[in-house]
Amino acid sequence: MSVLDDVFTRCGEEGRSALVGYLPAGYPDLPTSLEAVRTLARAGADVIEVGVPYTDPLMDGPVLERAASTALRAGFRLKDVFTVVEAARDAGAVPVVMTYWNPVLRYGVDRFAQDLADAGGAGLITPDLIPDEAGAWRSAAEERGLAPVFLVAPSSTDDRLRSTTQACRGFVYVASTMGVTGVRASVGSDAERLVERTRAVTDLPLCVGLGVSTGAQAAQVAAFADGVIVGSALVRALGGEDGLKDLEHLTHQLAEGVRGV
Amino acid sequence: MTATPRTTTDRFGDFGGRYVPEALVAALDELDAARTEAMADPDFRAELDRLQRDYTGRPSPLTEVPRFAAHAGGPRIFLKREDLNHTGSHKINNVLGQALLAVRMGKRRVIAETGAGQHGVATATAAALLGLECTVYMGQVDTERQALNVARMRLLGAEVVAVPTGSGTLKDAINEAMRDWVTNVGHTHYLLGTVTGPHPFPTMVRDFHAVIGQEARKQLDDVVGGLPDAVCACVGGGSNAIGIFHAFRDEPSVALWGFEAGGDGIESGRHAARFSGGQPGVLHGASTYVLQDADGQTLETHSVSAGLDYPSIGPEHAFLHDSGLARYAPVTDDEAMEAFRLLCRTEGIIPAIESAHALAGALRIGPELGEGTVLLVNLSGRGDKDVDTAARWFGLVDDEGQARVDGEAGPGDADADHEQGPDA
């Protein structure tokens, strides 16, 4: 059993969904970013997705795009991601990294897998790497006990839902809407339908992302998903004047949401 | 629809593939199936051929340029005149093909990225012709240096969106177009303008441009009775180069030369020469050479030519480079602008600044080829869009863009002239 399996089992036993919080490493700068993942863990995130700021984030909406630019301008270096992963783990959350593929490729797939495992990371979410292209990464991950997490989308055929989930470990990232990351007024019915279709082909926990920003939306998604992923809303909170405090407040609300409070 | 088999990924050696969000995979499969069917459908081919002939004006001429060649150290030089196509560049070849495919797939909207504006103009043109909605993404910096093309696209009914993020150039326009596509993929076709991106784009775009080399090979054979010794093209994403190279790829006697944007010079770091400083990586859906830092972050590029100002290159070029089937070299802004001026003055042809890089390359390799050889250059576009840039470069306008003239005629007294005029 990996730490990811443990956390979803525990949440299941508590009769609730897991709260999965995303923050980019090094945003707005490295020291604040370390404090932010500790805050996120303390306030109730079960899993923390540590994002790698990248110059060409083509799956991301304006909030995450700007955050990546800010982090890069503040001097983010790829190796900093491991420092943030360590901080998240030490604060009691299960850390996974989310990254576009080129930084990993440049760093070296095996070297990245080794350093991620050494820092206490549990897996890697790859928004622009589909299993079809992930041979080297899947071998490296398996060797070091890391979970490869791929995305499924409303446009995925049933065949692709099957082959993609077979390549996943830990959980499946269910991208609930067609589009880029960002806060949405409503989560939409696509999400529930995609979860149903995915459930039919896998027993892995299903975490739903893209659009959740409030406790109420978290509760709505928690009714049918094993995990609720929140990104842009947390980044927006952290980017405000009283960033860490707002982040803590929002995380509390979301943690109540996934408990159906 | 019946269950589709597992995605097939097409590669050029180690390069190519599909590095995309899962959300786009179904659309790429649909496109791959549609273009394969269409290319085997005589009706589709006939419609595309008709448009190329009656609308684009193909075949484009082949022009020998002896006064220009006199500066190139020996070879006879022939220009493949893609600049004479409707909309002013080779881009229309691919655009008409993909726009017909979009209609065939039942999409009502096309989107495109553009750097210099040539691909955007061609896409806006085809959208007007076929009654499709059209949105063109263009980096903010490029909208400023290619203002005339922004107006052209809007005249044609396209919506033009300036992209301020990143470096505000072509790569950022592609990011934004990808974001639009992943959101609206149900009714929108991404009419990608070059031979990069995820499969099937590099292969499909090449196939639509292969007509350039096919025509040129036949035209040249009619004149010289054989093959050229070398073929020169500029390489941004690489569509015009692949288009002319493809017909000669299996001819070992023909040297294929791609010229990249050397900007201020390789040593300055301000350039867009992927084979002089880039490493294999992934950008915009393809595994290829990328100008990147030690952390895999994309580097900002520089070129006087917006169409070559791009940090990665089509994956087939990466393969041709690594396998030695084609050679690539950087051409600086200065060299390109000198070649630009030379073609204007010796042949009365104003080339696109992009194409001027290929001309500069021809001047460079000419002396090595020597007397009695034949050099084919793809003149991929015309320079109307670049007149403002060139006028500033050569000091033909002042800082405010007002024309400087060579002299003023006679002592002018307008009122006196009027009184003595023929109607008086």
Side-chain angles (χ1 to χ4, degrees), chain A residues 52-62 65-66 68-69 72 76-81 99-108 112 126-134 150-164 172-182 194 210, chain B residues 1-9 11 16-30 163-167 171-172 174-186 188 198-199 279-288 290 292-300 311-312:
Chain A
V52 172
Y54 177 53
T55 42
D56 296 275
L58 53 80
M59 265 289 275
D60 288 312
E65 201 278 331
R66 276 198 294 269
S69 300
L72 289 169
F76 170 82
R77 292 299 310 265
L78 189 56
K79 61 178 171 40
D80 297 337
V81 79
T99 181
Y100 290 92
W101 192 236
N102 198 53
V104 179
L105 208 53
R106 186 80 172 105
Y107 194 83
F112 192 92
T126 51
D128 65 346
L129 187 74
I130 53 178
D132 321 57
E133 305 285 5
F150 298 101
L151 281 66
V152 295
S155 60
S156 302
T157 61
D158 289 343
D159 277 356
R160 283 200 65 84
L161 287 181
R162 193 170 294 111
S163 60
T164 301
V172 179
Y173 191 119
V174 179
S176 61
T177 50
M178 294 299 284
V180 295
T181 56
L194 180 56
L210 299 194
Chain B
M1 204 169 105
T2 53
T4 44
R6 182 189 161 279
T7 309
T8 53
T9 51
R11 285 188 170 259
R18 272 186 185 172
Y19 296 82
V20 291
E22 167 65 23
L24 291 178
V25 171
L28 293 168
D29 281 342
E30 180 193 14
V163 181
T165 51
S167 51
K171 88 172 170 74
D172 308 288
I174 295 180
N175 291 340
E176 209 55 40
M178 287 275 195
R179 291 179 183 124
D180 181 319
W181 199 31
V182 78
T183 308
N184 299 303
V185 67
T188 294
H199 175 74
Q279 287 89 23
V282 164
L283 186 66
H284 294 145
S287 163
T288 182
V290 181
Q292 54 183 307
D293 71 11
D295 282 353
Q297 307 287 355
T298 311
L299 291 173
E300 295 205 358
S312 104

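Here is how names work: the chains are called A, B, and so on, in the same order as the sequence lines, proteins then strands, and each is numbered from 1.
Here the closest heavy-atom approach between residue Asn175(B) and residue Thr55(A) is recorded as ND2-O, 4.5 Å. Summarising the geometry of Thr164(A) relative to Glu22(B), their closest heavy-atom pair is OG1-OE1, 4.1 Å, with the distance given to 0.1 Å. Listed here is the closest heavy atom pair of Asp295(B) and Leu78(A): OD2-N, 2.9 Å. Here the closest non-hydrogen pair linking Lys171(B) and Asp56(A) is NZ-OD1, 2.9 Å.
Put simply, the side chain of Asn102(A) gets close to the backbone of Val282(B): a donor and an acceptor are under 3.5 Å apart. At distances below 3.5 Å, at least one donor-acceptor pair connects side-chain atoms of Gln297(B) with backbone N or O atoms of Pro53(A).
Ion pairing between a basic and an acidic side chain is recognised when a charged N comes within 4.0 Å of a carboxylate O; Arg18(B) and Asp132(A) show no such pairing.
Interface remark: of the candidates Ala26(B), Gly281(B), Ala23(B), Ala23(B) forms the most heavy-atom pairs closer than 4.5 Å to chain A. Of the listed residues Leu299(B), Ile174(B), Thr165(B), Val182(B), the one with more heavy-atom pairs under 4.5 angstrom with chain A than any other is Val182(B). Taking chain B as the reference chain and counting heavy-atom pairs below 4.5 Å, the highest number among Lys79(A), Met59(A), Arg77(A) is found for Arg77(A).
Proximity to chain B is absent for every atom of Tyr107(A), based on heavy atoms less than 4.5 angstrom apart. With a threshold of 4.5 angstrom between heavy atoms, Glu176(B) does not approach chain A through any atom at all. Neither the backbone nor the side chain of Ser69(A) comes within less than 4.5 Å of any heavy atom in chain B. Of the atoms belonging to Asp293(B), it is backbone heavy atoms, and not side-chain ones, that fall under 4.5 Å from chain A. Of the atoms belonging to Ala294(B), heavy atoms from both backbone and side chain fall under 4.5 Å from chain A. Proximity to chain B (any heavy atom under 4.5 Å) is shown, for Asp158(A), by neither the backbone nor the side chain.
When the salt bridge (Lys or Arg N to Asp or Glu O under 4.0 Å) test is applied to Glu65(A), no partner is found at least two apart in sequence or on another chain.
Inter-residue side-chain proximity for Pro57(A) and Arg179(B) is flagged as met; some heavy-atom pair is nearer than 4.5 Å. Residues His284(B) and Leu58(A) have side chains in contact (heavy-atom distance under 4.5 Å, counting atoms from C-beta outward).
The distance from atom CG of Asp128(A) to atom CG of Leu283(B), rounded to the nearest 0.5 Å, is 9.5 Å.
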